[in-house]
Number of protein chains: 2
Amino acid sequence: MILIKLGGSIISDKNKPFSFNEGVVRNVAAELKNLYPEKSFILVHGGGSFGHPMARKYGIRGGLAAGETKKLIGFSHTHEAMLELNEKIIDIFLKAELPAFSISSSSIFITDKGNIVHGELKVIKEALKIGLIPVLFGDVVIDESKGMDIISGDAIMAYIANEMKAEKAIFLMDVDGIYDREPGKKDARLIDVIDETTVIRHGMEKIDVTGGIKNKIREAMKMDCMVYFINGMVKGNLTKAIKGEKIGTIKKRK
Amino acid sequence: MILIKLGGSIISDKNKPFSFNEGVVRNVAAELKNLYPEKSFILVHGGGSFGHPMARKYGIRGGLAAGETKKLIGFSHTHEAMLELNEKIIDIFLKAELPAFSISSSSIFITDKGNIVHGELKVIKEALKIGLIPVLFGDVVIDESKGMDIISGDAIMAYIANEMKAEKAIFLMDVDGIYDREPGKKDARLIDVIDETTVIRHGMEKIDVTGGIKNKIREAMKMDCMVYFINGMVKGNLTKAIKGEKIGTIKKRK
């Protein structure tokens with residue numbers, strides 16, 4: 001099983017609320033179409049400009065105090081916004097004759113102080129067996145200490161990669177991989193292989209409430225499998241990573 | 001915790017594809033608004049004219065044979081149709097300032113030959129604790145023997161009622177309760193109390209793929225708690241049932 005993360009920054013324009021990059025998702029589907037059903041896949045997507053602005057608006061990450069009905073309503077609104085984005089992605093896959101199937105992350109995960117302490121993967125495992133392509137997403141989540149929180153797509157990637165022994169995990173980004181500083185800055189250099197000691201001076205992304213690149217690397221470091229960080233805007237890159245060609249930034253198997 | 005089933009026949013017109021009876025759901029929300037948060041609720045809704053025509057079109061109940069990608073695609077389309085109906089219901093509750101929260105049934109249940117053999121209720125239990133009103137729905141489901149099947153809202157009601165020790169379960173229908181034959185037929189008589197020996201000559205509903213009234217009664221008989229079958233089209237009925245007034249058809253606690 002190969003795990004693929006559709007980063008929020010490639011499926012939508014983070015600066016335009018509720019924007020959706022249909023073309024990028026259609027290209028991903030076209031590439032997977034050539035590899036399914038020989039390979040099996042689980043997809044996870046980020047919040048992009050659907051989930052993040054809602055999560056910020058309602059202060060979901062700040063947790064819940066007793067009697068905050070308005071915050072509970074915001075929690076539900078944020079989930080619905082994510083379902084709206086998820087439906088657009090599912091729809092593109094179904095049109096490409098790929099049986100993508102929505103799994104609501106908030107229906108199966110529980111966190112405690114931001115860490116996943118409970119994840120119910122039975123349906124996902126059975127779904128793979130019958131040939132479905134489960135599609136999860138960064139979502140709201142019930143947190144045992146804080147009441148509520150956000151669960152990032154990256155945290156879901158790490159959890160599933162280890163619990164289900166993924167063959168590899170691929171992060172589709174809007175840049176060529178992991179850089180040693182803000183990509184685009186003078187002297188920014190693409191890192192070929194990252195490991196525990198790689199120096200990362202990368203700052204937090206603009207409106208990514210789940211912590212951006214630093215968090216992505218932190219989650220990747222937890223994974224037992226090989227991890228690829230590649231540019232998801234370039235057609236063909238995903239196929240190269242799946243076939244094991246040298247591309248983007250790689251974290252080796254532990 | 002009180003379990004409430006919004007029957008497919010009251011939230012939509014089964015003869016009109018993708019029709020939605022907004023007014024009925026708004027009335028339910030208005031009644032619950034007076035009782036929340038003193039009482040806690042779990043809602044389950046049926047497929048109505050969203051889920052049933054899709055399930056029939058794709059033959060979901062017939063199960064899956066190897067390599068049937070088209071059927072897997074239909075499975076996912078049917079779930080998306082249910083999410084569309086669910087979103088309409090959630091939206092009405094949120095507007096009424098009730099924190100309804102969508103739980104995808106197909107993300108947490110597994111059946112085997114039509115019986116629920118696995119149900120992951122941890123998120124639902126935690127959701128109740130923080131004040132959310134979980135809203136589940138009849139849905140597609142992965143079946144261990146058949147590959148795929150439909151899970152009815154009624155089966156979900158029975159499972160949750162027993163696993164979570166519901167105070168009572170209330171079925172909102174488009175008639176006054178359970179009749180001894182097709183309601184509207186000559187001599188049809190409303191039954192006050194049903195039990196194991198009640199003679200039911202009721203036929204199957206028109207396009208209800210989950211087996212209609214007979215199945216509803218079968219599921220109610222499994223429940224340890226008190227069960228009400230009431231007319232959900234009449235304002236005030238739900239409040240009466242919640243308060244324990246004599247109304248509709250009752251199945252007593254075992």
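From a predicted model like this one, the values you see are computed outputs, not experimental measurements. Note on naming: letters A, B, ... go to the chains in the order of the sequence lines (proteins, then strands), and numbering restarts at 1 for each one.
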To the nearest 0.5 Å, what is the distance between [atom1] ([X]) and [atom2] ([Y])?
{"X": "A:Ile73", "Y": "B:Ile90", "atom1": "CD1", "atom2": "CD1", "value": "11.5 Å"}
{"X": "A:Ile108", "Y": "B:Ile103", "atom1": "CD1", "atom2": "CD1", "value": "11.0 Å"}
{"X": "A:Ser76", "Y": "B:Phe93", "atom1": "OG", "atom2": "CZ", "value": "11.0 Å"}

Would you name the heavy atoms of [X] and [Y] that are closest together and state the gap between them?
{"X": "B:Glu126", "Y": "A:Ile110", "value": "CG-CD1, 3.6 Å"}
{"X": "A:His79", "Y": "B:Ser102", "value": "NE2-O, 3.8 Å"}
{"X": "A:Phe101", "Y": "B:Val140", "value": "CE1-CG2, 4.1 Å"}
{"X": "B:Ser107", "Y": "A:Ser107", "value": "CB-CB, 4.1 Å"}
{"X": "B:Tyr36", "Y": "A:Leu72", "value": "OH-CD1, 3.9 Å"}
{"X": "B:Ile130", "Y": "A:Ile142", "value": "CD1-CG1, 4.1 Å"}

Engaged part of [X] at the chain B interface, taking heavy atoms whose separation is under 4.5 Å:
{"X": "A:Ala66", "value": "neither"}
{"X": "A:Leu98", "value": "backbone"}
{"X": "A:Glu144", "value": "side chain"}

Max heavy-atom pair count under 4.5 Å with chain A, selected residue of B:Lys129, B:Lys122, B:Glu87: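 If we count pairs closer than 4.5 Å to chain A, B:Lys122 comes out on top.
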What's the verdict on side-chain contact (heavy atoms from CB on, under 4.5 Å) for A:Leu94 and B:His77, showing C-alpha distance, side-chain angles and the deciding distance? CA-CA 8 Å; A:Leu94 296 182; B:His77 270 308; 3.5 Å; yes
Quick one: what part of [X] sits under 4.5 Å from any heavy atom of chain A, side chain, backbone, both or neither?
{"X": "B:Leu83", "answer": "side chain"}
{"X": "B:Glu80", "answer": "side chain"}
{"X": "B:Ser106", "answer": "both"}

Is the number of heavy atoms from other residues, nucleotides or ligands within 6.0 Å of [atom1] ([X]) greater than 12?
{"X": "B:Lys33", "atom1": "NZ", "answer": "yes"}
{"X": "A:Lys125", "atom1": "NZ", "answer": "yes"}
{"X": "A:Lys113", "atom1": "NZ", "answer": "no"}

